[in-house]
Undergrad: 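So that we are looking at the same thing, I have put the structure below in C-alpha cells.
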2 protein chains.
Amino acid sequence: MEFKISKELISQLEQLIAAKRDSELNVLLEDMHHADIAEILDELDFNEATYIFKVLDSEKTAEILLELEDDLRENILSRLSPKEIAEELDELETNDAADIIAELSKDKKDEVISELQDVEHAKDIVDLLRYSEDTAGGIMHKELVKVNENWSVLTCVKEMRIQAENISRVHSIYVVDDENRLKGRLSLKDLLTTSTRAQISDIYISKLNSVKVDTEDVEVARIMQKYDLEAIPVVDELGRLVGRITIDDIVDVIKDEAEKDYQLAAGITQDVEANDSVLELTKARLPWLLMGMVIELFASQVLDANQAISDQFRTLMIFVPLLSATAGNIGVQASAIVVQGLANGSVKEFNRHYFSKELTVSMISGTIISLFLLCYHYVLYGQFLVGFAISISMIAVILFAATLGTLVPLLLHRNKIDPAIATGPFITTSNDVFGIFLYFVIARLILGV
Amino acid sequence: MEFKISKELISQLEQLIAAKRDSELNVLLEDMHHADIAEILDELDFNEATYIFKVLDSEKTAEILLELEDDLRENILSRLSPKEIAEELDELETNDAADIIAELSKDKKDEVISELQDVEHAKDIVDLLRYSEDTAGGIMHKELVKVNENWSVLTCVKEMRIQAENISRVHSIYVVDDENRLKGRLSLKDLLTTSTRAQISDIYISKLNSVKVDTEDVEVARIMQKYDLEAIPVVDELGRLVGRITIDDIVDVIKDEAEKDYQLAAGITQDVEANDSVLELTKARLPWLLMGMVIELFASQVLDANQAISDQFRTLMIFVPLLSATAGNIGVQASAIVVQGLANGSVKEFNRHYFSKELTVSMISGTIISLFLLCYHYVLYGQFLVGFAISISMIAVILFAATLGTLVPLLLHRNKIDPAIATGPFITTSNDVFGIFLYFVIARLILGV
C-alpha cells in the first residue's frame, strides 16, 4: 500500500533532469504525495533536487519544503529569491510558514516578509514569529473557525463557510465576544438543530480548556493528553483568542521531549542531529566529556593514594573496572526508572516504599554478582579473604549507587532541573569516584590494613 | 484554567467517605472531568478510592478506570464482580474495553465477557483480543463510519447518522463493497453537494492509505506522521475493513517507542515502571548487570597481564578509570546520534561523510582532553614520556570508541536488532575492555617495554 522509492525511479528522474524534459517530470510526479516527493528529493543531489523543485508548481513545492531534510531545505532556500520563497510561504499555513522564515538569515527574513502577497496571512505569520519556540504561542496555528457570540445562527453558518475554506480540519468552532475574548465553543450538532434566528450566546458551551500563549509546550502536551483533546485554543494575556493547537502539533513536542531525555542520558546537551556541523556537535558533546574527565581525576587520586594496599593485595586493583561498570550500570538503571516515573506521574516525590523496593532489587542483584565474583576470585587467585573483601565492597558500592541513582533525580526534580541529567555522564562518573573510594575503605577494614 | 488537586478537597472527600454521605460525594464530583477524578482517586487509599468508585455511576467510572494508575486499577478490578466489570466495559469503546480485559486473569476474563450485555460490542471486543499488542490490530478501534458503494447518497446519509451516534469523532467515512472490502473514502463535501439519488460508487475517492492488521504499530505511527493523517483504516488479509486507528492511539506508540530507547540506553530490557514488583524489576535489570560483569572480567584479565608495566610506570594504572569513562562517554554520544538519525530517517546506512565528521569531532575532543591530561600528569608526576604515552593512548582510545559507537548501531540496525542497544551497558562495557587493552598496547609501544 505504501510508496517505496526504487532505484529505477531515481535513475529515470535523473535522466529526465539531464535531458530537461520538464513536462515528463511533471507528469511523473503529479500524482505523488508531497511527503513521497520530499523523500525522493532527499535521495538526489542538491542540483537535481533544486531542478525538480523549480519545475513543480508552488502549491506542491510549499508542502514538499516542510518535509525535506534540514540541509536540503537550507540549500534550496539559499537558491531561491526572496520573491520565490514568499510564493511558497503564501501556500502554507501560518505556523509552517513562520517555522521556515525562522530558519532564514535576518536580512533575507525581512525581504521575504515584504514579498508576501496575502496581507492578512503575512500579519499572522509575523505575529507568530514573536513567540519563543517552546511555548504554546510558538507551536500554535492562526487558522481556526471563530464566531461572535452576538451573531445569529444564520450569520454564523454563513461566516463559518467562508472561514472553513482555508482550514483543513475544523475540529471546533470557537465563540468570542466583540473584543475577541474567548467565551466558549459551539457544538456542530446544536448549531444544526437550532432555529436559524437564535443567538449564538444562547447556545454555546462555556466550559472549555484553553492555554495561554506563554504556556510551555510540554505543559500543553500534558493537558491535551490528559483530557484527550484533539485541539485546544490559545489565548493572550487579556483572554483574547489568538490561535489554536492541534494534536499533530503536539506529537512533535512529545517526541522531542522523550528524545531529550535520551540525549541527556547519552551526554548530549543541545538538540543536535547527525547532519549538524562539526562545531555544533562538538559544542553539544565536549562539555560533558571535560566534566567527566575532571571528575575522574579524583578517581586517579583515590587509586594513587591506595598504591600501597594494591601492591600488597594485587588483585584489588584489577577489579576496579568491573566495580565501576557495575556501580554505573545499577545507578543509571535506578535513575532511569525514577526519571520515567516522574515524567508519567507515577513517582512524585521521595517515597519510602519505592526506595526500599529499589534497595531490595539492588541487594538481590548485588548478592548474585558478589557471590559469583567470590567464586571467580577464589578459583583463579586463591586468597579467600581478599576475594571476600572485594565481594563485600561490591555489595556496598552497588547499594550506594542505587541510593544515589534514586535520590539524585528526585533532588534535581525538586530544584526544577531536568532529572534525566542523572542518567547521563555526570552521575555515572561521580558514582565511579565514590564507588572506588568506598571500595578501598571497605577492603582496608576487612583486610585490616 | 486547569484543575489542581488541593489538600482541602482530599480531606473533604475523606470526611464524606467516612460519614458515608454518598449524595454529597456525587454532587461534589458531578461536574469534574473523569481524568481529574482519576487523579483524585490516585491520591486516596485503595479503600477510599473503591468507595468513591462504587458511588459514582458506571458511565463516569468506566472512563475513570482508563485513567487510573495500574496498581489502583488492578486493585479496584479485583474488588468488582465480573458482572460489575462488564457494566463498566459496556460503556467503553471496544479498544479500551479490550485493553482492560487483557489485564484480567484467564478465568475472570471469560466470566466478564459472558456478562457483557451488548452482543455486537462483545463480539468486537473479543475480536480485538486476538491481535497482539504491538500491531495495527492491537491498537485499532472497531468504531468507525462505513457505507456501501452500492448505496444511494440518501441511504448513505441515513445510515451514517445511525452509525455516528456511537462515535465521538467521525474523521472519515469509509466506503466498502458487499464483501466489506475497503474501496475508498467519502468526502463530506461531495456527499452534501451531490444529488441524493447518486450512487456512492460514483462519488467516492479511491485513493486512500490503509494498513494491514499485522502491520507493526511503529510502522503505522510512521505512515500516519509521514502523510499527516488523523485516522487510518485497518484491513485484514482479504482487504476487508476491520477497524480504524486515530492519531491519539498513535501518540502512545510514539511515546513508548522513544521511552524504549531511553530504557535500552539505561540497561533496562522490559517495559517496567516504578510501581512494578521487585521480581519484574530484577528480571528487567539483572541480565544487563551480569553481562556487564562478565565482560568486565576480561578487563581484569588485561590489567592482571599488565601488572609488570604498571609496577614500573606507576601512574599508568591510576588513569584507567578516566580512560574508561571518557571512552564510554564518547562511544555512547556517537551511538546516540546515529540511533536518533536512524529513527528519524536522516541516517540510513554507513555514510563516509558522516563517519569522517564523527571522527573529526572525536579528534578535536580527544586532542583537548589529552593535552590537558599531559599537563596535569607532568605537573603532578613529572615523567614526561609516561604522560605522553597516556595522552596518545587516550586519543587512540577515543577514536576507537567513536568508531565503534558509530558502526555498532548501524550493524545492529542492518541485522534488524534495535540499534538503541548500542547506547546501553553492552557497548559501554565492551568499549571499556577494548579501551584498556589498547591503552596498554600503545603505552608499551611508546615506553618501549
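Naming: A, B, ... by sequence-line order, numbering from 1 per chain. Note that the structure is predicted; figures quoted are calculated from it, not measured.
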Undergrad: Specify which of B:Q225, B:H33, B:H353, B:K212 makes the most heavy-atom pairs with chain A at under 4.5 Å.
TA: B:H33

Undergrad: Given a strict heavy-atom distance threshold of 4.5 Å, which part of B:L297 is in contact with chain A: side chain, backbone, both, or neither?
TA: both

Undergrad: Top residue by heavy-atom pair count (under 4.5 Å) with chain A, among B:Q340, B:K348, B:E358, B:K207?
TA: B:Q340

Undergrad: How far apart are the closest heavy atoms of B:A336 and A:Y262, and which atoms are they?
TA: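 Nearest heavy atoms, B:A336 then A:Y262: CA-OH, 3.8 Å.
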
Undergrad: Side chain, backbone, both or neither: which part of A:F372 has an atom under 4.5 Å from a heavy atom of chain B?
TA: side chain

Undergrad: Contact part of A:E257 toward chain B, heavy-atom cut-off under 4.5 Å: side chain, backbone, both or neither?
TA: neither

Undergrad: Which one of A:Q263, A:Q307, A:E69 has the most heavy-atom pairs closer than 4.5 Å to chain B?
TA: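 Ranked by contacts with chain B, first place is A:Q307.
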
Undergrad: Salt-bridged, A:K226 to B:E67, with N to O below 4.0 Å?
TA: no

Undergrad: So which of A:T429, A:D261, A:D70 has the biggest tally of heavy-atom pairs under 4.5 Å with chain B?
TA: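 Top count of heavy-atom pairs under 4.5 Å with chain B: A:D261.
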
Undergrad: Quick one: list whatever passes ring-ring contact (aromatic ring centres under 6.0 Å, His included) with B:F355, sequence neighbours left out.
TA: B:F350

Undergrad: Among the options B:S365, B:A420, B:G341, pick out the one with the most heavy-atom pairs lying under 4.5 Å from chain A.
TA: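 Heavy-atom pair counts peak at B:S365.
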
Undergrad: State whether the side chain of A:K357 and the backbone N or O of B:L281 hold a donor-acceptor pair below 3.5 Å, judged by distance alone.
TA: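 No; judged by distance alone, with no hydrogens or angles, the pair does not exist.
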
Undergrad: Decide if atom OH of B:Y354 counts as having more than 12 heavy atoms of other residues, nucleotides or ligands within a radius under 6.0 Å.
TA: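 Enclosed: over 12 neighbouring heavy atoms sit under 6.0 Å from OH of B:Y354.
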
Undergrad: How long is the span from the CD1 atom in A:I254 to the CD1 atom in B:I250, to the nearest 0.5 Å?
TA: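 Interatomic distance, A:I254 CD1 to B:I250 CD1, rounded to 0.5 Å: 12.0 Å.
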
Undergrad: Could you look at B:D311 and say if it's the side chain, the backbone, both or neither that has a heavy atom under 4.5 Å from chain A?
TA: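 When you check distances to chain A, only side chain atoms of B:D311 fall under 4.5 Å.
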
Undergrad: Tell me, side chain or backbone of A:N351 under 4.5 Å from chain B's heavy atoms, or both, or neither?
TA: neither

Undergrad: Just give me the residue among B:T428, B:V339, B:I398, B:V433 that pairs up with chain A most often, heavy atom to heavy atom, under 4.5 Å.
TA: B:V339

Undergrad: Would you mind checking which part of B:I369 comes under 4.5 Å of any heavy atom in chain A, side chain (CB onward), backbone (N, CA, C, O), both or neither?
TA: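 Both parts, backbone and side chain.
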
Undergrad: With rounding to the nearest 0.5 Å, note down the distance linking OH in A:Y381 to OG in B:S300.
TA: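 With rounding to 0.5 Å, OH (A:Y381) is 5.0 Å from OG (B:S300).
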
Undergrad: Quick one: which of A:D276, A:L264, A:D42 has the most heavy-atom pairs under 4.5 Å with chain B, could you say?
TA: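 With the most close heavy-atom pairs to chain B, the winner is A:D276.
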
Undergrad: Can you tell me which portion of B:A343 sits under 4.5 Å from chain A's heavy atoms? Options are side chain, backbone, both or neither.
TA: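 Interface part for B:A343: neither.
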
Undergrad: Please classify the contact between B:V361 and chain A as side chain, backbone, both or neither, with a heavy-atom cut-off of under 4.5 Å.
TA: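 It is both, since atoms from each part get that close.
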
Undergrad: Which region of A:A38, side chain (C-beta onward) or backbone (N, CA, C, O), has a non-hydrogen atom less than 4.5 Å from a non-hydrogen atom of chain B, or is it both or neither?
TA: neither

Undergrad: Using a cut-off of under 4.5 Å for heavy-atom pairs, which of B:T360, B:D304, B:L380 has the most such pairs with chain A?
TA: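 Option with the greatest count: B:D304.
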
Undergrad: Identify which part of A:E280 has an atom lying under 4.5 Å from any heavy atom of chain B, answering side chain, backbone, both or neither.
TA: neither

Undergrad: Of all of A:I368, A:L286, A:I295, A:V302, which one pairs up most often with chain B through heavy atoms under 4.5 Å apart?
TA: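 The option with the most such pairs is A:L286.
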
Undergrad: Based on non-hydrogen pairs under 4.5 Å, which of A:Q301, A:H34, A:M224 is most in contact with chain B?
TA: A:Q301

Undergrad: Please set out all donor-acceptor pairs under 3.5 angstrom arising from side-chain atoms of residues 316-333 of chain A, sequence neighbours excluded.
TA:
unit_1: A:S324; atom_1: OG; unit_2: A:V320; atom_2: O; d: 3.2
unit_1: A:S324; atom_1: OG; unit_2: A:D432; atom_2: OD1; d: 3.1
unit_1: A:T326; atom_1: OG1; unit_2: A:L322; atom_2: O; d: 2.7
unit_1: A:N329; atom_1: ND2; unit_2: A:A325; atom_2: O; d: 3.4
unit_1: A:Q333; atom_1: OE1; unit_2: B:R285; atom_2: NE; d: 3.0
unit_1: A:Q333; atom_1: NE2; unit_2: B:G267; atom_2: O; d: 2.6
unit_1: A:Q333; atom_1: NE2; unit_2: B:R285; atom_2: O; d: 3.1

Undergrad: If you count heavy-atom pairs within less than 4.5 Å of chain B, which of A:T282, A:L289, A:D252, A:I337 leads?
TA: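 Winner by heavy-atom pair count: A:L289.
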
Undergrad: Given heavy-atom pairs under 4.5 angstrom as the criterion, report whether the side chain, backbone, both or neither of A:I436 touches chain B.
TA: side chain

